Amino acid sequence: MKTKLIPTNHLMSKAAIEGILKDEGPEVIGIELCEFREASILDNQEIENIKENKNEGLLGKITSKINQKAKEQNLDYGSDMKTALKYSIENNIPRVLVDMPILKIQELFSKIPKEEQKGFAKELTEFESESLNKKVNEEEVLTQLKKRYPIAFEFLVNMRNLYIANQILKAEKEYPGKRIIIILGSAHVKNVSKLIGGQNG
């Protein structure tokens, strides 16, 4: 299979991502970013500080809190995608951005029922005492998310998975026969892999 999904927790080091890409030898790199986020990385801006997304609503608060905790623990949240992006540029490897636009995700967040948003806000408070390095069972987390917040799950997991899968399938048509390596958050890998009939690392 020419397309391979590489799961990440968004905290993998630059060296780890570069090592994977060197070993895999991609002809095309897929990155879990959208054009907006790509531009912010290239401009060296933090997503939560950009005017269009400035800490408004739950999404901004979640993004800000994760980045804050990452800095407290000397981690670089999103280092995997930043590294993959820069690797593609430095090595002149074509790249495809596979994630749903951040402003669309923000719009979906605003449509989540208030009860579910309150639940998210409560969990965000509890999250403050957790370590980002804490090992989690991805399957269990997704099962609980679907059970507690069914509409949020549909918007933020299922719809994103479909979007990501569609972007990958488009890339396969654009680059027929090329070895495409997709750097993707582990929570998306299983279902996206099923949707594209692909292979995950």
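Since the structure is predicted, the reported quantities are computational estimates derived from the model, not experimental observations.
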* Does Ser88 use its side chain to pair, donor to acceptor, with the backbone of Pro94 at less than 3.5 Å? -> no

Query raised in the report: So, Asn91 side chain and Ile93 main chain: donor-acceptor pair closer than 3.5 Å or not?
Result: no

Nearest heavy-atom approach of Val98 to Gly30 is CG1-CA, 4.5 Å

| message | In the structure I gave you, are the side-chain heavy atoms of Tyr149 and Leu156 within less than 4.5 Å of one another anywhere? | response | no

Of Glu172, Glu24, Arg95, Lys4, the one forming a side chain to side chain contact (heavy atoms under 4.5 Å, CB included) with Ile180 is Glu172

In this structure, CZ of Arg37 is separated from CD1 of Ile102 (nearest 0.5 Å) by 4.5 Å

What one should report as the nearest heavy-atom pair of Met12 and Ile20 is CE-CD1, 3.4 Å

Separation between NE2 (His10) and CD1 (Ile183), nearest 0.5 Å, reads 11.0 Å

Between the OG1 atom in Thr83 and the CD1 atom in Ile17, the distance rounded to the nearest 0.5 Å is 6.5 Å

With sequence neighbours left out, the residues meeting side chain to side chain donor-acceptor pair (under 3.5 Å) with Asn166 are none

Per side-chain hydrogen bond (donor to acceptor under 3.5 Å, both in side chains), Asp99 is matched among Arg160, Gln167, His188 by Arg160

For Ile112 and Phe155 the tightest heavy-atom approach is CG1-CD1, 4.0 Å

So CD1 of Ile168 and CD1 of Ile182: to nearest 0.5 Å the spacing works out to 4.5 Å

Interatomic distance, CD@Gln117 vs OG@Ser110, rounded to 0.5 Å, equals 7.5 Å

**Contact check, side chains of Leu169 and Leu195, non-hydrogen atoms, under 4.5 Å** = no

(request) Take Tyr87 and Lys22, measure what side chain to side chain contact (heavy atoms under 4.5 Å, CB included) needs, and give me the verdict at the end. (result) CA-CA 10 Å; Tyr87 187 94; Lys22 286 175 184 176; 3.4 Å; yes

The side chain to side chain donor-acceptor pair (under 3.5 Å) partners of Glu154 (sequence neighbours excluded) come to Asn158

Tell me whether Asn161 contacts the main-chain N or O of Val192 through its side chain, where contact means a donor paired with an acceptor under 3.5 Å. no

For Ala84 and Leu21 the tightest heavy-atom approach is CA-CD1, 4.1 Å

NZ of Lys2 to CD of Glu27, rounded to nearest 0.5 Å, is 6.0 Å

Notebook entry, point to check: Do Leu42 and Ile89 have side-chain heavy atoms sitting under 4.5 Å apart?
Noted result: yes

Between Pro26 and Ile181, the two heavy atoms sitting closest are CB-CG1, 3.4 Å

Which of Leu184, Leu97, Ile31 passes side chain to side chain contact (heavy atoms under 4.5 Å, CB included) with Met81? It is Ile31

